[in-house]
Amino acid sequence: MKKINKINISLTIILFCFGIVYGQNEGSEFLIHNIIQKKTDSIYDSLVNIRRHFHEYPELSAQELKTSKFIEKYLSSLGLEVKTNIGGYGVIGILKSGNSGKRIAWRTDIDALKTNFEEIVDYKSKTEGVRHICGHDVHTTIGLGMANVLASLKANLNGTVYFIFQPAEEINKGAKSMINDGLFDIISPDEIYSLHVNPMPVGAVSAKANEVYAYVKVIKITFKNQDTSTDKIQFAKDILLKQMNIESDSKFWNYQNLGDPEIGLSNRQSIYQNYLIVDQNFKIEENESEISLEAYLTGTSKTKLDSLLQKVKSQIIDSDFKNQLVSVGFTNEYQTVKNDPILTEKSLAIISRIYGEQSVSPIYGVVPNFNDDFSNYQKKIPGVYFFLGASNFQKGFIAMPHSPNFAVDEECIKTGVKYFSSMVVERLNSR
Ligand SMILES: [Zn+2]
Ligand SMILES: [Zn+2]
């Protein structure tokens, strides 16, 4: 999960109230899921140790040498076919059941990032200035745990499971480099899934059909620098600011409201469903011949963002600054994670059926200011990106990625391995 700009949402706390009901369903259909739960419980302590190891030895994006070696060794010990050094330090583990069935990929990101925020846990990072503050140590552990659980059930599975351990997510490069390095020549999944820890309480999982994060584009408006007047820059700023559909006194701006049951992400009437906002940290650059204005645009509709280019251009052409305009264009853009609606519904239904409906929460709003390069896989393969609750408010753990006091309740490793192992098993069986 990459933070896109500087707006501080570290105080975001998503307050839901969930519990987990295990084994409430009877019948042979659920036997394999009972085994999944028991197996997960039996390896849980070892998974916590693995997670703490990753936490103590974090590696920056594109430098995940030791992490990838650890993953390779672990997957090999489970008997999986393992491919390494895909698009950098990417690792793939292939679990073939030998029976016919679907091919399902589970993607995990493995990199850490630079931060000087003080750790609040005992097992602190031993690498100065580098830390797993986005929870990818937890993701990696869940991926390994799922590989362990599913490998132990190999004879009872159908189809093939691919475990993708992806480097360099934080710099928006890892997914692309694995794909460019032939990922989909090596594996051919029918469906692909991934998760990110989030500030919901541990035990909860959620996903949203279609856009999960907002689209982000950087617009640049360049004028001739013929005089010292800054009117044209102000004019361009005003045009951009007028495109916003969120009032300046809106509750939207207090990102704690992302977790509000009435207006937050989980409500059908969420105020985070249809927005276009302009970051007012404008960047102005100037040389002898040209002066330019750059701004981050964030929005839930790609079409609306794209159409802005022409809108801005025609308003300048209709103004006194017509002859000073050099160009209007996007200098950077981020695709968003876009979940397949049918798979979202089906996968959440599986988890709800096996683990109880309290374990699943739908999401209707779109999260501003973050993104994930999982979007690159979804352009090729239908898939779902889940949020996994990792907070424990009683213990003081708030799993808000990139925030100074980021901490997870490690119980989320257990729920992650159980829920998603079960989900994968059912998707392998699906027609
Ligand atoms: Zn991140
Ligand atoms: Zn992340």
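All ligand and atom numbering here is 1-based and tracks the order in the structure. Everything numeric in this text was worked out from a predicted model, so none of it was measured. Note: hydrogens, waters and symmetry copies are ignored here, and every other heavy atom, side chains too, is used.
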Open item on the list: Quick test of your reading of the model: are R107 and D372 salt-bridged, counting only N-O distances below 4.0 Å?
Closed with: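 Salt bridge between R107 and D372, a charged N being under 4.0 Å from a carboxylate O: yes.
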Open item on the list: Taking the basic N atoms (NZ, or NE/NH1/NH2) and the acidic carboxylate oxygens, is any pair closer than 4.0 Å for E81 and K96?
Closed with: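 Yes, this pair counts.
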TODO: Apply the side chain to side chain donor-acceptor pair (under 3.5 Å) test between H136 and each candidate in T67, T108, D109; give the one that qualifies.
DONE: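 Of T67, T108, D109, side chain to side chain donor-acceptor pair (under 3.5 Å) with H136 is met by D109 alone.
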Open item on the list: Between L240 and I221, does the side-chain contact (heavy atoms from CB on, under 4.5 Å) criterion hold? Intermediate values first, please.
Closed with: CA-CA 10 Å; L240 289 177; I221 305 167; 4.1 Å; yes
Using atom types as modelled, flag every donor-acceptor pair under 3.5 Å from a side chain in residues 339-346 to any protein atom, sequence neighbours excluded.
residue, atom, partner, partner atom, Å
N339, OD1, Q378, NE2, 3.0
N339, OD1, Y385, N, 2.8
N339, ND2, K208, O, 2.9
N339, ND2, Y385, O, 3.2
D340, OD1, I342, N, 3.2
D340, OD1, L343, N, 2.9
T344, OG1, D340, O, 2.6

Task: the Zn ion (ligand 2): protein N, O or S atoms that are less than 2.8 Å away, sorted by chain - done: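 Protein N, O or S atoms closer than 2.8 Å to the Zn ion (ligand 2): M1 N, C134 SG, H136 NE2, H196 NE2.
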TODO: Would you please indicate yes or no on a ring centroid separation below 6.0 angstrom for F420 and Y193?
DONE: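 So the answer is no for these two rings.
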